[in-house]
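The figures here come from the full heavy-atom set of this structure, side chains too, leaving out hydrogens, waters and symmetry mates.
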Amino acid sequence: MALSARFAVAVHTLGLLAIAGGGPVSSERIAASVRTNAVTIRRLFQALGRAGLVVGQMGPNGGARLARPADEITLAEVWRAVETGDLFAFAASGGNPGCAVSCAVQPVLGEIFDDAEHALEAVLGEVTLATVAERVRSRALDPRPPDPLPAHSLPVAG
């Protein structure tokens with residue numbers, strides 16, 4: 001069972017936009033940093049745009065930028081924008097309907113899974129994109145807030 005990387009890629013993408021200082025960043029530039037295809041980033045932009053987190057700018061110097069300041073975007077919003085379905089899943093077989101344990105375990109696990117998902121969203125709701133960007137900047141870039149740079153001059157990190 002593989003977990004989705006959409007949330008991590010979305011935070012990486014939005015972090016680049018936050019660090020870019022408000023200017024548009026192309027899907028190609030972001031894809032180079034994430035090491036994925038630009039089409040993947042453009043699809044992600046669609047979900048983030050529907051959630052009101054990014055806006056696009058067409059043209060030769062186009063790209064995406066944050067729709068709101070980074071300190072007003074929580075990771076919970078990002079999570080809800082890109083992750084669909086349940087965080088936890090039950091066995092595909094559905095269990096043995098003739099087994100008392102099998103019949104009782106799913107509702108019990110359902111309650112526990114709901115509590116865990118609510119806890120995850122609560123933690124993510126306490127962290128803003130600005131916090132992530134500052135922590136990334138302190139590890140990867142000069143710890144001082146950078147002057148806004150054009151998207152093409154941002155360093156590509158691996």
For residues L17 and I30, determine if any side-chain heavy atom of one lies less than 4.5 Å from a side-chain heavy atom of the other. yes

Decide if atom CZ of R43 counts as having more than 12 heavy atoms of other residues, nucleotides or ligands within a radius under 6.0 Å. no

Minimum-distance pair of heavy atoms, taken over all atoms of G62 and P24: C-CB, 4.0 Å

Would you say CD of E72 has more than 12 non-hydrogen atoms from neighbouring residues, nucleotides or ligands within 6.0 angstrom? yes

Check whether any side-chain heavy atom of L16 lies under 4.5 Å from a side-chain heavy atom of V136, and answer yes or no. no

With a 4.0 Å cut-off on N to O distance, would you call E134 and R137 a salt bridge? yes

Linking I/L/V/M/F/W/Y whenever their side-chain heavy atoms sit closer than 4.5 Å, directly or via other members, would L87 and V82 fall into one cluster? yes

Once rounded to the nearest 0.5 Å, what's the spacing between atom CZ of F7 and atom NE2 of H12? 13.5 Å

Does F88 reach the side chain of I112, with side-chain heavy atoms less than 4.5 Å apart? no

Taking C-beta and beyond as the side chain, do E77 and L129 meet within less than 4.5 Å on heavy atoms? no

Report yes or no: does Q57 contribute a side-chain atom to a donor-acceptor pair with the main-chain N or O of R65 at less than 3.5 Å? no

Could you check whether any side-chain heavy atom of F45 comes within less than 4.5 Å of a side-chain heavy atom of T13, counting everything from C-beta outward? yes

Nearest 0.5 Å, please: how far is CD1 in I19 from CG in L14? 11.0 Å

Any idea which heavy atoms bring A67 and G52 closest together, and the distance? CB-O, 3.3 Å

Measure the spacing between CZ of R135 and OG1 of T131 and express it to the nearest 0.5 Å. 8.0 Å

